[in-house]
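Written below as structure tokens is the structure these notes are about.
Naming convention: chains lettered A, B, ... in sequence-line order (proteins, then strands); numbering from 1 in each chain.
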Amino acid sequence: MFAGTQTGGTPLLDESFFARDVVAVARELVGATLLVGGIGGVIVETEAYDQEDPASHSFSGPTRRNAAMFGPPGRAYVYRSYGIHWCLNFVCRESGRGSAVLVRALEPTDGLEAMRARRGLDDPRALCAGPGRLTQALGITMAHDGARLDTPPFRILPHSGPAPALVEGPRIGISKAMDLPWRFGLAGSRYLSRPFPRA
DNA sequence: GGTATGATTGACT
DNA sequence: GTCAATCATACCA
């Protein structure tokens, strides 16, 4: 499908996967595997941010911070949150709009010991359950802003098999466009940053 | 120039 | 449940 790049026989998600509607990409990323330098796990929670969405950093047009959102799709957009944490996004593009998927939580599968060392704790359920936590566990910083996602240290492997069951709900921590159900999670996952409101 | 605000987390009552 | 940490960006003068 979107197996554009072959690395050791492993199909990686590349620019063609991300050059589509950001909500569709956010849904399809749940179940994919994100590795940075071989360390990471299965994406279990994402959020979509579109340029026509008042909650998006791209809403008011390009700035120094959000420049990556207006560059090519399939790149990382990394920003500082609350002056303390980093947040990792995947840049998407459809009809020239700046948009991105925020990666909110992983189920750790690879490099558990490295993640434990970086996070300073053992519980796998707390290693990557939150946007600031997973960037710390994976060693993501501003240095990765604008980096290609189909090139080392990044590797993103698509979900294989039937599409996993998703849950959806309002996005976390925003004060605008709170009605949009653009947060997506892997149904039944115990690695979410927060529970989804019951339907 | 100054000031308010977060796409968060961890500690604490 | 409440609250502080900490700083780049956004917005106003």
Practice task
Side-chain contact test, heavy atoms from C-beta onward, threshold under 4.5 Å: evaluate it for A:V167 versus A:F184 and give yes or no.
Solution key: no
Practice task
Figure out the NE2/C1' separation between A:H85 and B:dA11, and round it to whole Å.
Solution key: 12 Å
Completion exercise
Contact span of DNA chain C against chain A, any nucleotide atom under 4.0 Å from a heavy atom, 5' to 3', runs C:dA5 to C:dA10
Handout entry: Whole-Å gap separating C1' (B:dA7) and CH2 (A:W86)
Key = 15 Å
Practice task
Within residues 166-178 of chain A, find the residues that approach DNA chain B with a heavy atom at under 4.0 Å, and present them sorted by residue number.
Solution key: A:I172, A:G173, A:I174, A:S175
Problem - Stems involving DNA chain C, each a run of at least 3 consecutive Watson-Crick or G-U pairs under 3.5 Å - result: B:1-6 with C:7-12, B:8-12 with C:1-5
Problem - A:S58 side chain vs A:M69 backbone, donor-acceptor pair below 3.5 Å - result: no
Practice task
Could you state the atom-to-atom distance from CG of A:D50 to P of B:dA7 in whole Å?
Solution key: 16 Å
Problem - Given B:dA7, B:dT9, B:dG6, the nucleotide with the shortest approach to the side chain of A:Y82 - result: B:dG6
Exercise for the section: Starting from P on B:dA7, measure out to CZ on A:F184 and report it in whole angstrom. Expected result: 18 Å
Practice task
Check the side chains of A:Q136 and A:R119 for a donor-acceptor pair under 3.5 angstrom, ignoring hydrogens and angles.
Solution key: yes
Practice task
May I ask you to verify if any side-chain N or O of A:R183 is less than 4.0 angstrom from the OP1 or OP2 atom of B:dA7?
Solution key: no
Fill in the blank from the handout: Exactly one of A:Y79, A:F70, A:Y49 clears ring pair (Phe, Tyr, Trp, His ring centres under 6.0 Å) with A:H57, and that residue is A:Y79
Practice task
Starting at atom CD of A:Q136, determine the distance to atom C1' of B:dG10, rounded to an integer number of angstrom.
Solution key: 11 Å
Problem - A:D145 side chain vs A:M142 backbone, donor-acceptor pair below 3.5 Å - result: no
Exercise for the section: Nearest whole angstrom, please: distance from the P of B:dA7 to the OH of A:Y49. Expected result: 7 Å
Practice task
Would you check if the side chain of A:N89 reaches a backbone N or O of A:Y77 as a donor-acceptor pair within less than 3.5 Å?
Solution key: yes
Handout entry: Any A:R104 side-chain N or O less than 4.0 Å from OP1/OP2 of B:dT8
Key = yes
Practice task
Taking all heavy atoms of A:F154 and all of A:L149, pick out the closest pair and write down the distance.
Solution key: CB-O, 3.5 Å
Handout entry: Exam field: side chain A:T46 to backbone A:A26, donor-acceptor pair closer than 3.5 Å
Key = yes
Exercise for the section: Rounded off to whole Å, could you give me the CZ-to-P distance for the A:F59 and B:dG6 pair? Expected result: 15 Å
Practice task
Taking A:E47 for its side chain and A:I172 for its backbone only, find out whether a donor-acceptor pair lies under 3.5 Å.
Solution key: yes
Handout entry: A:R194, A:R183, A:R171, A:R190 screened by salt bridge (Lys or Arg N to Asp or Glu O under 4.0 Å) with A:E45, the one that passes
Key = A:R183
Exercise for the section: Among A:E94, A:E15, A:E28, find the residue that satisfies the salt bridge (Lys or Arg N to Asp or Glu O under 4.0 Å) test when tested with A:R20. Expected result: A:E28
Problem - Rounded distance in Å - CZ (A:R65) to P (B:dG6) - result: 11 Å
Problem - Sugar-phosphate only, base, or nothing, as touched by A:R119 at under 4.0 Å among non-hydrogen atoms - result: sugar-phosphate
Exercise for the section: Could you tell me which non-hydrogen atom of A:L192 sits nearest to which non-hydrogen atom of A:G185, and how far apart they are? Expected result: CD2-CA, 4.3 Å
Exercise for the section: Please measure how far the C1' atom in C:dG1 lies from the corresponding atom in B:dA7, and state the result in whole Å. Expected result: 23 Å
